[in-house]
**Student:** 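Have a look at the structure that comes next, please.
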Amino acid sequence: CEHEHSNCILIADTKLKVEGKWHTWIDYDKFHSLFQEWKESGKTFSAFEYLAPTPDWAVFGAKEQGFDPDEVRVRKKGKKAKADAAAAAAAAKEEKEAKEAQK
């Protein structure tokens, strides 16, 4: 995984690459279900039971560089950053509304 704005890269074991796709995210609903079952019965579970596929935008080398395309990136320093953030928010809103109108 890549997270450009925090300068982080996740180095994952190749065991997390299932059928050619990385699974570095957590299916929290599945995890909580397995945890509840463990609390009630003592049945153990492993991380491989609650893996979730890594979104394409989070995989190293993706053009989004780890930024969720459904969210707006905000830069918090300086007047230009505020203007850029406002313009980006407006553009994202317009794009989202256009997508919803197509449904």
**Student:** Which value, rounded to the nearest 0.5 Å, describes the distance between Asp70 atom CG and Glu64 atom CD?
**Tutor:**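 Result: 10.0 Å between the selected atoms.
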**Student:** Where is the tightest heavy-atom contact between Pro53 and His23, given as atom of each residue plus distance?
**Tutor:**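 Looking at all heavy atoms of both residues, the closest pair is N-CD2, 3.5 Å.
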**Student:** Keeping Glu49 on the side-chain end and Ser46 on the backbone end, is there a donor-acceptor pair under 3.5 Å?
**Tutor:**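 A pair under 3.5 Å: yes.
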**Student:** Answer with yes or no whether the hydrophobic clustering places Leu51 together with Trp38; edges join I, L, V, M, F, W, Y residues whose side-chain heavy atoms lie under 4.5 Å apart.
**Tutor:**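 Not linked; separate clusters.
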**Student:** Distance from Phe31 atom CZ to Gln36 atom CD, nearest 0.5 Å?
**Tutor:**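 The CZ atom of Phe31 sits 11.0 Å away from the CD atom of Gln36.
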**Student:** Show the nearest heavy-atom pair for residues Trp57 and Trp25, with the distance to one decimal.
**Tutor:**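 Answer, listing the atom of Trp57 first, then Trp25: CH2-CH2, 3.7 Å.
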**Student:** Is there a side-chain contact between Leu16 and Phe48 in this structure, where contact means two heavy atoms from C-beta onward sitting under 4.5 Å apart?
**Tutor:**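 With C-beta onward as the side chain, the pair touches.
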**Student:** To the closest 0.5 Å, what do you measure between NZ (Lys43) and CZ (Phe35)?
**Tutor:**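 Between Lys43 NZ and Phe35 CZ, I get 15.5 Å after rounding to 0.5 Å.
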**Student:** Within the structure provided, determine whether Lys17 and Trp22 are in side-chain contact (heavy-atom separation under 4.5 Å).
**Tutor:**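 Side-chain contact under 4.5 Å: yes.
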**Student:** What do you reckon, is NZ of Lys21 surrounded by more than 12 foreign heavy atoms closer than 6.0 Å?
**Tutor:**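 Yes, the 6.0 Å shell around NZ holds more than 12 heavy atoms from other groups.
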**Student:** Looking at every heavy atom in both Leu34 and Tyr50, which two are closest together, and how far apart are they?
**Tutor:**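 Heavy atoms of Leu34 and Tyr50 come nearest at CD1-CD2, 4.1 Å.
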**Student:** Say whether, by atom type as modelled, one donor and one acceptor occur between the side chain of Thr24 and the main chain of Thr54 under 3.5 angstrom.
**Tutor:**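 Absent.
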